[in-house]
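Remarks on the structure that follows.
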Amino acid sequence: SASAQAEMSSKTTVEAGVGSTNDVRAQGKVKGYSVTKQECGGSKGCMVELSVTIEKFEYQAKTPELDRDSIAIVTTGKLRRTALSADMRQSVTDKLVKSGRFTVLDRSNDAAFEKENDFLASDNVSDQQRARLGQAAGADFLLIIDLTQASVATRVQENNVELTGESTREVSQSTRASVRYTLVEAATRAVKWSDSASFASGGNKISAAMEQFQAKMVGDIIEIVNPAKVVAVQNGRVIINRGMGSVAEGQVYDIYATGEELVDPDTGEKLGATEEKVATIKIGEIKAKVAYRAVTTGQLESITKGAIAR
């Protein structure tokens, strides 16, 4: 028998008997080897120790790595398989992607990804392409959405006039919807935020209800994990890190200067920094990833890079 130890701390064992064919299994492509130790004795053959060089391929992503929190969105509850729930998940995904604040991970097309991984693991691709396996990212946060109610009720009322024998029909609709959402830190499973929202209105307003829920969820999550901040003050205007899809022209924000970091004396948890309102700004121009705003109240000189905008 023979044992082989690969470089990069990868190990494999090669079994070889007298007159047999060697069966080599390695974590990579074997470039070469050298015999480091050999012991032979009698009819049992030889014990050989080899130093094996394994060629390692590393896949380099085409886009640069960004210091963003990653988030995966999942749906749960009795309505999780409905079209409304799927549409809500996709809409929230779209809004978070457009915000530019998160790396959003796809957890809704696992079957397609598994099929592609099987292809990458086959002999039909090069070693360089096969190195793309095992590159999937884990989420920093999970957004769990439970659409608990979403219905449109229709009421039909018949009215009969006895004197004339005429009858009329009145049809009315009402919408009821509710959602619960929870933001969980994936590594610790600590709940960072949990809230719910309800909607009630006359008529068929289910689309309006879904839009209201999506806006609230995305707004809450961004504010908790990554609030808007001032990135620069130039030519009398304040520039913040919010662009198209996350702000609207004419929207008003208060600017807060941050101070001392606060820590809970009992738990040691970081509670954020002290904040002092220094100005109010109004959006005037929106670009893809930033927005330019003029100061409406307060002093421009009191606004510094890193100040929070709410």
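This one's a predicted model, so the numbers in the text were calculated from it and none came from an experiment.
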- Nearest-0.5 Å distance, CD1 of residue Ile145 to CG of residue Leu79: 12.5 Å

- Check: Ser70 main-chain N/O paired with Asp140 side-chain donor or acceptor under 3.5 Å: yes

- Would you say Val230 and Ile239 make side-chain contact, with heavy atoms under 4.5 Å? no

- Task: Look at the side chain of Ser302 and the backbone N and O of Gln299, then say whether any donor-acceptor pair between them is shorter than 3.5 Å.
- Result: yes

- Task: Taking atom types as modelled, find out whether Glu275 and Thr258 have a side-chain donor-acceptor pair closer than 3.5 angstrom.
- Result: no

- Query: Can you tell if the side chain of Glu166 reaches within under 4.5 Å of the side chain of Thr168, non-hydrogen atoms only?
  - Reply: no

- Is the side chain of Arg189 donor-acceptor paired with the backbone N or O of Ala186 at a distance under 3.5 Å, no angle test? no

- Message: For Arg242, run the side chain to side chain contact (heavy atoms under 4.5 Å, CB included) check against Ile222, Val231, Val290, Ile283 and tell me which one passes.
- Response: Ile222

- Query: Where the side chain of Ser85 meets the backbone of Arg81, is there a donor-acceptor pair that is under 3.5 Å apart?
  - Reply: no

- Message: Regarding Lys216 and Asp220, does a basic nitrogen lie under 4.0 Å from an acidic carboxylate oxygen?
- Response: yes

- So, for Phe141 and Glu185, which heavy atoms are closest and what is the spacing to 0.1 Å? CD2-CA, 4.0 Å

- Query: CG of Asn235: more than 12 outside heavy atoms within 6.0 angstrom?
  - Reply: no

- Query: Minimum heavy-atom separation for Ala150 to Leu84, with atom names?
  - Reply: CB-CD1, 3.7 Å

- Does the cation-pi check pass for Arg293 over Tyr253, that is, NZ or CZ under 6.0 Å from the six-membered ring centre and within 45° of its axis? yes

- Looking only at heavy atoms, what is the nearest atom pair of Gly268 and Val263, with distance? O-CG1, 3.5 Å

- Query: Any donor and acceptor pair, going by atom type alone, linking the side chain of Thr36 with main-chain N or O of Glu49 inside 3.5 Å?
  - Reply: yes

- Between Ile144 and Tyr181, does a side-chain contact (heavy atoms from CB on, under 4.5 Å) hold up when you go through it step by step? CA-CA 6 Å; Ile144 304 171; Tyr181 53 101; over 6 Å; no

- Query: Is any NZ, NE, NH1 or NH2 atom of the basic residue among Glu285 and Arg237 found under 4.0 Å from an Asp or Glu carboxylate oxygen of the other?
  - Reply: yes

- Note: Arg101 and Asn226 closest approach over all heavy atoms is O-ND2, 3.7 Å

- Message: With salt bridge (charged side-chain N to carboxylate O under 4.0 Å, His left out) as the criterion, how do Asp146 and Arg180 come out once you've worked through the C-alpha distance, each side chain's angles and the decisive distance to 0.1 Å?
- Response: CA-CA 5 Å; Asp146 183 3; Arg180 172 164 289 281; over 6 Å; no

- Message: Donor-acceptor check, side chain of Gln212 to backbone of Ala209, threshold 3.5 angstrom: yes or no?
- Response: no

- Item | Main-chain N/O of Lys229 paired with Asn241 side-chain donor or acceptor, under 3.5 Å | yes

- Message: Within the supplied structure, the quantity of interest is the number of heavy atoms (other residues, nucleotides, ligands) at a distance under 6.0 Å from Glu261 CD; does it exceed 12?
- Response: yes

- Message: Could you walk me through whether Val218 and Leu96 satisfy the side-chain contact (heavy atoms from CB on, under 4.5 Å) test, starting with their C-alpha distance in whole Å, then the side-chain angles of each, then the deciding distance to 0.1 Å, before giving a yes or no?
- Response: CA-CA 7 Å; Val218 172; Leu96 288 175; 3.9 Å; yes

- In terms of heavy-atom contacts, does CD of Glu276 have more than 12 from other residues, nucleotides or ligands at under 6.0 Å? no

- Message: Minimum heavy-atom separation for Ile303 and Val233, please, with both atom names.
- Response: O-CG2, 3.7 Å

- Message: A side-chain contact here means heavy atoms from C-beta on lying under 4.5 Å apart; do Phe199 and Thr175 qualify?
- Response: yes

- Rounded to the nearest 0.5 Å, the OG1 atom of Thr75 sits from the CG atom of Asp87 at a distance of 11.0 Å

- Say whether, by atom type as modelled, one donor and one acceptor occur between the side chain of Thr274 and the main chain of Glu260 under 3.5 angstrom. yes

- Query: Donor-acceptor pair, Thr148 side chain versus Ser178 backbone, under 3.5 Å?
  - Reply: yes

- Message: I'd like to know if the side chain of Gln214 and the backbone of Met210 have a donor-acceptor N/O pair within less than 3.5 Å.
- Response: yes

- Between Leu183 and Val191, does a side-chain contact (heavy atoms from CB on, under 4.5 Å) hold up when you go through it step by step? CA-CA 6 Å; Leu183 184 67; Val191 176; over 6 Å; no

- Query: Can a donor-acceptor pair be found between the side chains of Asn160 and Glu158 at a distance below 3.5 Å?
  - Reply: no

- Item | Distance-minimising heavy-atom pair for Val48 and Val35 | CG1-CG1, 3.8 Å

